[in-house]
Every structure is written in C-alpha cells, then in structure tokens.
Amino acid sequence: MRKKIVAGNWKCNTTVKEGVELAKSVNELVLSQGAKDVVVVLGTPFTHLTSVADAVDATRVNVASQNCAAEAKGAFTGEVSVSMVKSTGATYVILGHSERREYYHETSETLNKKLALTLEQELTPIYCCGEALSIREAGTQNQFVKQQLDETIFLLPAEQLLKIVIAYEPIWAIGTGVTASTQQAQDMLAFIRGLIASKYSSEVAEEISILYGGSCSPANANELFSQPDIDGGLIGGASLKAADFLSIINAY
Ligand code: PEP
C-alpha cells in the first residue's frame, strides 16, 4: 500500500543547535498532534544528522540526508558516504534534488551510483525529478521527466524500485512561491504512476509513494494531498517552521 509521506528539506539552513531545537519542536508536535498514518521525515544537513536523530522519536520521525557520496569510501575529500549517513541513525537519503543537479552538475550516471549505494545500505532514497520553466512552457515536461526516470530508477528491477520514494518537483515551483496547480501536480504524478504501471505492473505502481514538492504550504497542502496520485510532499521553506510543517503533515 502507498504510504503517505511528508518530508522536510531544510537545505543549507540552521546551525546544529537551531536544527536540534526545530527537530525537537517537530517531534513534540508530531507525537501530540500529528496524523498517525503519515510518515514524517526531516532532511537535515549532514552535520545535524546524529544530533537530530538522537533528538527525535525514531518510531515517528525519520531523518534524511540531502545527498550522499557516489563512492562507498576512500580518498574523496569532503564527501559523506551512505554508510556514514546510516551510522548517524538517518534512514532516508534525498537524491537528485534539482539544486544538486543544477548547481553541482549531478548527472544520471552519478545518481545511479548514489542510488545503488543507498539501496545497498538499506536506506530509502527519495528520488527527485522535475522540469525547468522553459520545458514546462514548451509543453515537453512529460518527455523530460520520463527521460530522467528512464535513465535512473527505471533501470532498476521492481524489487528495488519498490524501495524508492519518488518526488516530483517542478523547478519553477521550488522556493518561488509559485505552486504547480493541483491539476498540474496530479497530472504529472498520474503520468509517472502510469509509466511505472506500463514498465513494471499496476501492482508495483500502486505500491510506490509519489510526492509533490514546490512551494507546498499549509494553505495549499490540503488541496494537493486530496488528489488521487499525490501521496504527500517534499517541503522546503515551510519545513523550517515546526507549526507550518505540522499543518502540512495534518493536511490530509
Ligand atoms: C524543495 O526544495 O524540495 C522544495 C520543495 O522547496 P520549497 O518548498 O521551498 O519550494
């Protein structure tokens, strides 16, 4: 069965102290008021992972890194491997975020290595895809997203694909305050689910959680999450305020 998931992406924000305070506030709110059937994930900077994992109740709040190294270990100065991420208590890894693809030139080839290492360590990848504004304006967003998936997660066998959470995040909606319309988000997620059904099977498609991300907020989450193919959200800005994040968790 598809899980409902609300995952925060803190990006490059908060000191460790601020992050732990934020995580504690989210944890408290989730334990006292959070919808029980929603999986909650906090995507923190690498430096915060251990402290945040220690500060939350792991049975209700999961921790994610926002990236990982494309190598298992070795002479890769400044990199953080998946086994290091795992050793902090984190259980998810956000991969292929558009900011990493755009600013750090992450390619499908690199992402395939990261996906393989993440799955090998039994952490859950949250695999991001999504088109730029020019592609949306040209009307070729479906082909573009299909290609992103064909070159990466669709190369995996069904049993591995089933361990992945997909997040569709149109780049033009990330951090801009411009949310995709509910219909645009639903249409793309239905398209992705249809691709999975035709490439794998409808059973596989029905098991995979697909999230929407891009200026999701307490004001629009309810409408987005009411759509048949939207299984939750990847939340940037609004995940930095515990009360807003809770409202999104409870928006179903
Ligand atoms: C994100 O970065 O994944 C994101 C969705 O950001 P925001 O919610 O701020 O648009």
Side-chain angles (χ1 to χ4, degrees), residues 4-14 18-19 22-23 26 38-46 48-49 52 62-68 90 92-106 111 114 118 124-133 135-136 141 144-145 148-149 152-153 164-182 184-186 188-189 192 209-225 227 229-252:
K4 296 175 185 173
I5 302 173
V6 173
N9 174 14
W10 294 358
K11 310 193 186 193
C12 189
N13 292 299
T14 73
E18 290 164 349
L22 174 59
V26 171
V38 176
V39 175
V40 177
V41 184
L42 302 180
T44 85
F46 287 130
H48 302 30
L49 290 171
V52 167
N62 304 274
V63 180
S65 66
Q66 300 168 18
N67 182 28
C68 68
Y92 286 75
V93 181
I94 299 171
L95 287 175
H97 192 281
S98 59
E99 287 154 15
R100 295 219 51 89
R101 293 180 192 258
E102 191 178 342
Y103 307 144
Y104 303 99
H105 316 294
E106 287 200 350
L111 288 168
K114 295 184 179 194
T118 302
T124 303
I126 299 177
Y127 185 74
C128 305
C129 58
E131 80 287 353
L133 184 59
I135 293 169
R136 172 64 63 167
Q141 65 275 5
F144 181 85
V145 169
Q148 281 186 326
L149 301 175
T152 55
I153 59 173
I164 293 174
V165 174
I166 300 172
Y168 166 64
E169 300 203 300
I171 298 171
W172 45 274
I174 296 178
T176 56
V178 181
T179 321
S181 72
T182 306
Q184 285 172 322
Q186 163 57 24
M188 180 59 85
L189 270 57
I192 294 171
S209 296
I210 311 180
L211 315 183
Y212 166 78
S215 297
C216 189
S217 70
N220 58 31
N222 178 267
E223 199 184 317
L224 285 162
F225 295 175
Q227 296 303 301
D229 284 288
I230 302 184
D231 300 316
L234 181 54
I235 318 296
S239 70
L240 293 167
K241 289 193 186 124
D244 285 358
F245 194 53
L246 178 78
S247 299
I248 296 173
I249 292 164
N250 286 345
Y252 284 96

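By convention here, the first residue in the shown sequence is residue 1. When a ligand or atom number is given, it counts from 1 through the structure's own listing order.
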Nearest-neighbour protein heavy atom for [atom], which is reported as residue plus atom name and distance:
atom: atom 3 (O) of ligand 1; answer: E169 OE2, 2.6 Å
atom: atom 8 (O) of ligand 1; answer: G236 N, 2.8 Å
atom: atom 9 (O) of ligand 1; answer: G237 N, 2.9 Å

Around Q227, counting heavy atoms of other residues, nucleotides and ligands shown, do more than 12 lie under 6.0 Å from its CD?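 For Q227, atom CD is crowded (more than 12 foreign heavy atoms under 6.0 Å).
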
Exercise: do E131 and W172 side chains pair donor with acceptor under 3.5 Å: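 Yes, side-chain donor-acceptor contact under 3.5 Å.
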
When you compare the side chains of Q184 and Y168, does any donor N or O come within less than 3.5 Å of an acceptor on the partner?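 No pair is found: no donor N or O on one side chain lies under 3.5 Å from an acceptor on the other.
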
What I want to know is whether G175 and ligand 1 share at least one N or O pair that is separated by under 3.5 angstrom.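 Yes; the residue has a nitrogen or oxygen that sits under 3.5 Å from a nitrogen or oxygen of the ligand.
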
With nothing but distance in play, are any N or O atoms of S215 less than 3.5 Å from an N or O of ligand 1?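 Between S215 and ligand 1 (N or O atoms, distance only) the closest approach is under 3.5 Å.
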
For ligand 1, note which part of L234 has a heavy atom under 4.0 Å away: side chain, backbone, both or neither.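 The answer is both.
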
Any idea which atoms of ligand 1 are less than 4.0 Å away from a heavy-atom of [X]?
X: K11; result: 1 (C), 2 (O), 6 (O)
X: H97; result: 1 (C), 2 (O), 3 (O)
X: N9; result: 1 (C), 2 (O), 3 (O)
X: G214; result: 5 (C), 10 (O)

Does even one non-hydrogen atom of A238 get within less than 4.0 Å of ligand 1?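 Checking ligand 1 against A238, which is what was asked, there is no heavy-atom contact under 4.0 Å.
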
Please determine whether any non-hydrogen atom of A173 lies less than 4.0 Å from an atom of ligand 1.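 It does; at least one heavy atom falls under 4.0 Å.
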
Could you pull out the closest heavy-atom pair between L224 and C216, with the gap in Å?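 Result for this residue pair: CD1-SG, 3.9 Å.
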
List the atom of I94, the atom of G43, and the distance in Å for their closest heavy-atom pair.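 Smallest interatomic distance, heavy atoms only, reads CD1-CA, 4.3 Å.
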
Is the backbone of A243 close enough, under 3.5 Å, to the side chain of S247 for a donor and an acceptor to pair up by distance?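 Present.
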
Heavy atoms, side chains only, cut-off 4.5 Å: are P125 and V93 in contact?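 Answer no - side chains too far apart.
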
Using 4.0 Å as the upper bound for N to carboxylate O, is an ion pair formed by R101 and E106?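 Not counted as a salt bridge, because no side-chain N and carboxylate O are separated by less than 4.0 Å.
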
